[in-house]
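Report on the following structure.
Counting begins at 1 with the first residue of the sequence. We count ligands from 1, going down the list as the structure has it; atoms in each ligand are counted the same way.
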Amino acid sequence: MDNAASMTPSTPFDVVQIPVWTDNYAYLLCPRDGTAAVVDSPEAEPILEVLSQGGLQLTHIFNTHHHFDHIGANQELIAAFPDVVVCGGRYDAEHQRIPGQTRILEDGETFEWGGDRCTVREVPAHTLGHIAYCWDSNRAFVGDTLFFGGCGRLFEGTAAMMDRALYEVLGRLDNSTLLYCAHEYTEANLRFARTVDPHNAELLALSEEVASLRARGKPTVPSRLEQEWAINPFLRCDSPTIRQALNCDTSSPRHEVLGALRTLKDGFRG
Ligand SMILES: [Zn+2]
């Protein structure tokens, strides 16, 4: 399992994973030139501390969506770095729900930062304004859309929208892509996954690995896309085992299976 510490010098920027509160992650992107950007901003203090330790100038905030645990520190970061560019999607800009947003990123837009190129993808489902930051270095910051072994709750969008986000957008990334999600939910996600996919050997082996990492207080994130295809039930909605577990027959459209899975997970207290 890879994690942030394994970044090699050949990557355009390093990723520093900052745990916040019980299960949030903020990510500091550091191109080793004294600048940095942060993906999501739950709380200012731990982010400012890492910036200060490295003597880093924050140039960008890359917000994925408007939930408080992703934008809560925007104003404090802007106060500390008045020239910081605050990026988010169009829907959230139009609804003015990302504090201090100065730049609207469009679906499919590319921009250069930190020696790398990012393609912005709209992935409305968890919220209607959710975007993902997909870098040419095969690293994607996916917020609350795809979690290791799971997906985000459908607060504003539909199962069909999540189906599109997972299979038509994030699922089309290179299989080696590292997926940086915004929460450490892996252990609970895999516990649920085992209830609908109980004979999946890779899932069972991963569950042991994850339990061992968590017992030592280590992060399980990021994951790789190819691993998600093997173990994440929300990316395995065509699996006969999973369909059977949900009482969905083989002719059910995939998004219906995904919706049934999401509803079951919402009520899961395992
Ligand atoms: Zn959220």
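Screening the protein for N, O or S atoms under 2.8 Å from the Zn ion (ligand 1) yields 4; no waters enter the count.
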H67 vs H126, side chain to side chain donor-acceptor pair (under 3.5 Å): CA-CA, chis, key distance, verdict | CA-CA 10 Å; H67 282 159; H126 173 71; 3.1 Å; yes
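Side-chain contact between H183 and N24: present, with at least one pair of heavy atoms (C-beta onward) separated by less than 4.5 Å.
Between E109 and R103 there is a salt bridge, since at least one side-chain N of the basic residue sits less than 4.0 Å from a carboxylate O of the acidic one.
Aromatic rings from F141 and Y27 are positioned such that their centres are separated by under 6.0 Å.
Shown are H130, Q101, H65, R97; of these, the side chain to side chain donor-acceptor pair (under 3.5 Å) with D92 is made only by R97.
Sorted by first then second residue, the salt bridge (Lys or Arg N to Asp or Glu O under 4.0 Å) pairs that include residues 238-247, not counting sequence neighbours, are D238-R243.
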